[in-house]
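Since the structure comes first, as structure tokens, the remarks are kept for the end.
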Amino acid sequence: MPTCLLCKKDVTSGYVVCGGCAGELKTGAMPPVLGGFAAWLGAELAGQDTVYFCSVCETRKCDDDATCRKGITAWFRESAEKYWDACNSGILGRLKTVCPFPEVFEDLEPAGSPYGEVPRRKIGHIRADYDGYRWWSTAWPLHGKLAKAEVTAEIDRTYEALTAKDALADLDTLRRFCWSHPEAQCSPNADDEFNFYLMGERCDFWVRLITREKDYNMYLHAYAKEVAK
């Protein structure tokens with residue numbers, strides 16, 4: 001029997017959360033995304049000598065707990081909204097956590113093929129890592145006949161969009177995005193590897209993100225919409 005993602009009780013109806021937890025959530029609310037935001041927030045604040053959460057505290061010590069609570073609450077909500085909006089806009093907002101093209105992974109090259117038993121529609125992949133300053137990437141082509149000029153152009157545009165400043169600009173941003181989607185974990189025990197999927201115009205993408213430092217942090221696998229004749 002499935003369990004509720006939030007309270008862990010058995011779920012007899014529904015898919016993700018039980019009726020009790022669902023009733024407490026408004027449309028567009030952040031849980032379980034809030035857990036990812038809190039994890040990021042803790043990392044951001046750790047080690048800082050002076051952090052002002054309340055705008056009043058930035059200028060003077062008000063000695064008013066009620067005012068301080070209101071200031072902190074306003075700061076937290078504003079920060080959370082910015083984080084939520086960033087995770088749901090642009091190319092990141094188009095990423096899915098459930099694969100919309102499972103047939104691609106079922107249509108494999110026959111055993112003994114020079115390519116191995118890989119998807120017949122796989123064009124290749126880009127492997128990338130963030131070194132603390134910038135993204136570095138290498139391309140690994142597979143089925144060359146699928147790599148038409150317009151297809152490779154879309155793959156390049158997709159990689160550039162994913163690593164742009166308003167998307168996964170660096171490893172910290174990648175981690176925040178992954179942590180906000182715990183349902184995308186590769187497995188319940190793999191909290192540092194996440195799978196996302198993107199449907200393009202000429203090809204589809206499996207985006208594997210890895211939060212570990214000093215490792216490859218992104219694999220962008222590209223698959224043709226149709227098998228070349």
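We count residues from 1, following the sequence as given.
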query: Taking the six-membered ring of Tyr219, is the NZ or CZ of Arg208 close enough (under 6.0 Å from the centre) and on axis enough (within 45°)?
result: yes

field: Partner set under ring-ring contact (aromatic ring centres under 6.0 Å, His included) for Phe194, not counting sequence neighbours
entry: none

- prompt: Do Val151 and Val104 belong together in a cluster built from hydrophobic side chains that touch within less than 4.5 Å?
  reply: no

- prompt: Do Val207 and Leu162 come close enough that some side-chain heavy atom pair is under 4.5 Å?
  reply: yes

field: Whether Trp140 and His125 hold their rings parallel, tilted or perpendicular, with breakpoints at 30° and 60°
entry: parallel

With a cut-off of 3.5 Å and sequence neighbours excluded, list every side-chain donor-acceptor pair involving residues 198-205.
from	atom 1	to	atom 2	distance (Å)
Asp204	OD1	Gly200	N	3.3
Asp204	OD1	Lys225	NZ	2.7

query: Side-chain donor-acceptor pair under 3.5 Å between Asp129 and Trp135, yes or no?
result: no

task: Report yes if some heavy atom in the side chain of Met218 is under 4.5 Å from a heavy atom in the side chain of Ile210; otherwise report no.
output: no

statement: Sorted by chain and number, sequence neighbours left out, salt bridge (Lys or Arg N to Asp or Glu O under 4.0 Å) with Asp192 holds for Arg212

query: Does Ser113 have any side-chain contact (heavy atoms from CB on, under 4.5 Å) partners at least two apart in sequence or in another chain, and if so, which?
result: Glu109, Pro110, Tyr115

- request: For the residue pair Asp131 and Trp136, establish whether any side-chain heavy-atom pair is separated by less than 4.5 Å.
  value: yes

task: Under the ring-ring contact (aromatic ring centres under 6.0 Å, His included) rule, collect the residues that match up with Tyr216, sequence neighbours excluded.
output: none

- request: Check the pair Val118 / His143 against side chain to side chain contact (heavy atoms under 4.5 Å, CB included), numbers first and verdict last.
  value: CA-CA 10 Å; Val118 299; His143 292 103; 4.1 Å; yes

query: Is any side-chain heavy atom of Thr152 closer than 4.5 Å to a side-chain heavy atom of Ile123?
result: no

- prompt: Glu213: what forms a side-chain contact (heavy atoms from CB on, under 4.5 Å) with it, not counting sequence neighbours?
  reply: Leu171, Arg175

- request: Just say parallel, tilted or perpendicular for the rings of Trp206 and His221, cut-offs at 30° and 60°.
  value: parallel

task: May I have the step-by-step check of side chain to side chain contact (heavy atoms under 4.5 Å, CB included) for Leu108 and Arg120, ending in yes or no?
output: CA-CA 5 Å; Leu108 305 178; Arg120 290 201 299 152; 5.8 Å; no

message: Tell me whether Asn217 contacts the main-chain N or O of Tyr130 through its side chain, where contact means a donor paired with an acceptor under 3.5 Å.
response: yes

Hydrophobic cluster identity match, Tyr197 and Leu220, side-chain contacts under 4.5 Å: no

- prompt: Would you say Phe177 and Leu92 make side-chain contact, with heavy atoms under 4.5 Å?
  reply: yes

